[in-house]
Amino acid sequence: MGARLRVFLSYEQDKTLLNLRTADVPQKVKDRAEVIRLNAHGWYVEKIAAHFNWTPQTVREILHKWRKLDLEGLWDNPGRGGKTKYSEEDIVFLEECLKEEPRTYNSRQLAQKLESDRSIKLSPDRLRRVLKKGVIWKRVRKSHKGKQDPKVKEIKQADLDMLELSAASGEIDLKYLDESGFCAWSEPGYTYYFRGEQKRLEQSKRRGRRLSIIGFFQPIISFVYGLVIGGVDRKSYIQMMEQEAADVQKTGRIRVIVQDNGPIHRCLQVQQLWSKWEQMGLYIFFLPKYCSEMNPIELEWQHLKKDELAGQMFDDELDLAYAVIDGVQARGERGNYRTQRIKFNSNRSG
């Protein structure tokens with residue numbers, strides 16, 4: 001077997017790639033940048049491929065292109081073809097409208113705006129084909145990016161980078177904590193189906209209660225989680241943290257938990273336990289406010305919902321819980337990491 005394909009990054013290169021997560025660049029560029037960072041932090045090609053649900057060959061091509069072209073290799077080469085009848089400024093104008101205006105647009109509305117504001121007449125179908133080069137038709141999501149403090153984020157990111165380097169060198173154990181939730185009714189989405197027909201998902205008799213998950217993600221190594229009906233409360237959070245602290249005492253290794261500033265993470269009862277946990281070797285690193293993109297467990301939630309649960313309706317909370325458990329297990333098998341479900345000391349446990 002040949003040597004493992006591995007790239008090495010300077011601090012500035014790693015920081016540049018990390019900043020692409022929130023930069024105004026195509027998603028494929030962000031994914032390729034993340035591939036480079038994961039490989040530099042010790043992830044093998046096969047594990048990266050499983051994480052993104054790609055082929056190993058695709059990952060190798062990205063790494064080889066980085067070695068040859070550096071940052072330039074993250075972008076696709078411009079295609080060849082006939083000249084367009086519209087100017088680049090016209091498309092930039094539409095892209096600015098999509099970015100700046102506090103509303104949504106479909107292709108017909110964009111075509112009308114282009115004709116009224118720029119006197120350029122394109123059909124909605126033609127405009128969709130043009131926009132595919134830079135923008136896609138996708139769902140809108142809420143964002144708190146405007147509430148971020150750039151200076152605080154920069155300082156915290158530098159601290160987190162040092163923690164990740166310490167974890168990669170084996171000096172500490174680094175885990176990422178977060179909570180998320182699921183409903184028995186999936187949101188309407190897209191699917192392949194027969195031309196001229198529409199796929200319908202029959203809703204269950206009742207929507208049911210929300211199923212929540214709390215998890216500790218240690219990339220490549222483990223994913224420890226618990227399920228509860230309703231929301232995750234401080235008792236469930238404390239039980240999970242107490243188990244982590246007890247595990248730290250057994251291993252004798254320092255462990256750092258990266259988490260956000262949620263109310264249950266900072267309530268008085270939890271604050272009274274901080275000194276105890278630190279004496280046991282368990283420390284907490286708080287992310288800056290409104291910076292969830294700094295927590296890689298967010299990607300796990302996205303893949304779990306998009307790849308494992310999307311497009312399904314569940315009869316009740318139990319049916320949904322089994323699907324989540326199977327989904328977590330499938331993610332662990334593809335990512336080659338261990339999964340463990342914790343059962344809470346409550347009649348709300350999952």
Side-chain angles (χ1 to χ4, degrees), residues 19-35 52-55 58 62 71-148 182-183 185-203 290 292-293 298-299 301-313:
N19 289 338
L20 285 176
R21 281 186 184 179
T22 55
D24 183 21
V25 298
Q27 183 61 44
K28 61 177 66 176
V29 173
K30 297 180 181 182
D31 290 342
R32 291 165 184 165
E34 188 66 13
V35 166
F52 284 94
N53 199 22
W54 294 348
T55 65
T58 299
I62 292 172
L71 274 176
E72 184 181 345
L74 301 181
W75 276 262
D76 292 328
N77 293 326
R80 295 177 294 176
K83 294 184 178 180
T84 59
K85 297 180 180 180
Y86 53 87
S87 68
E88 182 67 22
E89 288 76 13
D90 297 323
I91 304 305
V92 170
F93 166 75
L94 291 182
E95 291 175 348
E96 289 297 322
C97 292
L98 293 172
K99 290 179 189 176
E100 304 298 335
E101 295 186 11
R103 56 159 293 178
T104 60
Y105 281 99
N106 59 32
S107 58
R108 183 177 299 276
Q109 292 167 335
L110 283 174
Q112 292 172 349
K113 188 171 187 64
L114 188 62
E115 183 176 5
S116 63
D117 291 17
R118 306 282 293 187
S119 299
I120 300 295
K121 190 171 183 178
L122 290 177
S123 69
D125 288 340
R126 174 60 176 161
L127 186 57
R128 278 197 295 270
R129 291 194 293 271
V130 171
L131 291 176
K132 279 184 178 179
K133 298 177 181 179
V135 299
I136 60 174
W137 174 255
K138 63 189 300 184
R139 294 185 184 277
V140 180
R141 70 173 185 175
K142 299 177 182 177
S143 173
H144 296 291
K145 187 175 181 180
K147 298 181 180 179
Q148 294 177 355
F182 312 91
C183 290
W185 292 359
S186 292
E187 294 295 328
Y190 300 93
T191 184
Y192 285 105
Y193 205 57
F194 300 104
R195 191 180 300 275
E197 300 182 34
Q198 186 176 38
K199 178 75 174 181
R200 297 181 182 273
L201 294 177
E202 295 297 329
Q203 295 179 341
Y290 308 112
S292 59
E293 72 276 3
E298 293 285 350
L299 287 176
W301 301 145
Q302 291 178 25
H303 283 295
L304 182 59
K305 295 177 180 181
K306 182 180 70 172
D307 300 338
E308 310 298 337
L309 302 178
Q312 302 181 61
M313 294 289 179

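As a basis for the values below, the full set of heavy atoms in this structure was taken, side chains included, without hydrogen atoms, waters or symmetry mates. Start at 1 with the first residue, then count along the sequence.
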query: So, does Gln148 use its side chain to make a donor-acceptor pair with the main chain of Tyr290 at under 3.5 Å?
result: yes
Any chance you could measure [X], atom [atom1], to [Y], atom [atom2], to the nearest 0.5 Å?
| X | Y | atom1 | atom2 | value |
| --- | --- | --- | --- | --- |
| Lys30 | Asp24 | NZ | CG | 7.5 Å |
| Ser107 | Gln112 | OG | CD | 10.0 Å |
| Phe93 | Asp117 | CZ | CG | 4.0 Å |
| Arg32 | Leu71 | CZ | CG | 13.0 Å |

Student check: side-chain heavy atoms of [X] and [Y] closer than 4.5 Å:
| X | Y | result |
| --- | --- | --- |
| Leu94 | Leu127 | yes |
| Asp31 | Ile62 | no |
| Leu74 | Val25 | no |

For [X], what residues pass the side chain to side chain donor-acceptor pair (under 3.5 Å) criterion, not counting sequence neighbours?
| X | value |
| --- | --- |
| Lys28 | Asp76 |
| Glu96 | none |
| Asn19 | none |

Can you name the residues that form a salt bridge (charged side-chain N to carboxylate O under 4.0 Å, His left out) with [X], not counting sequence neighbours?
| X | value |
| --- | --- |
| Lys306 | none |
| Glu298 | none |
| Asp307 | none |

- line: Heavy-atom closest pair (Gln312 atom, Glu308 atom, distance to 0.1 Å) is NE2-O, 2.8 Å
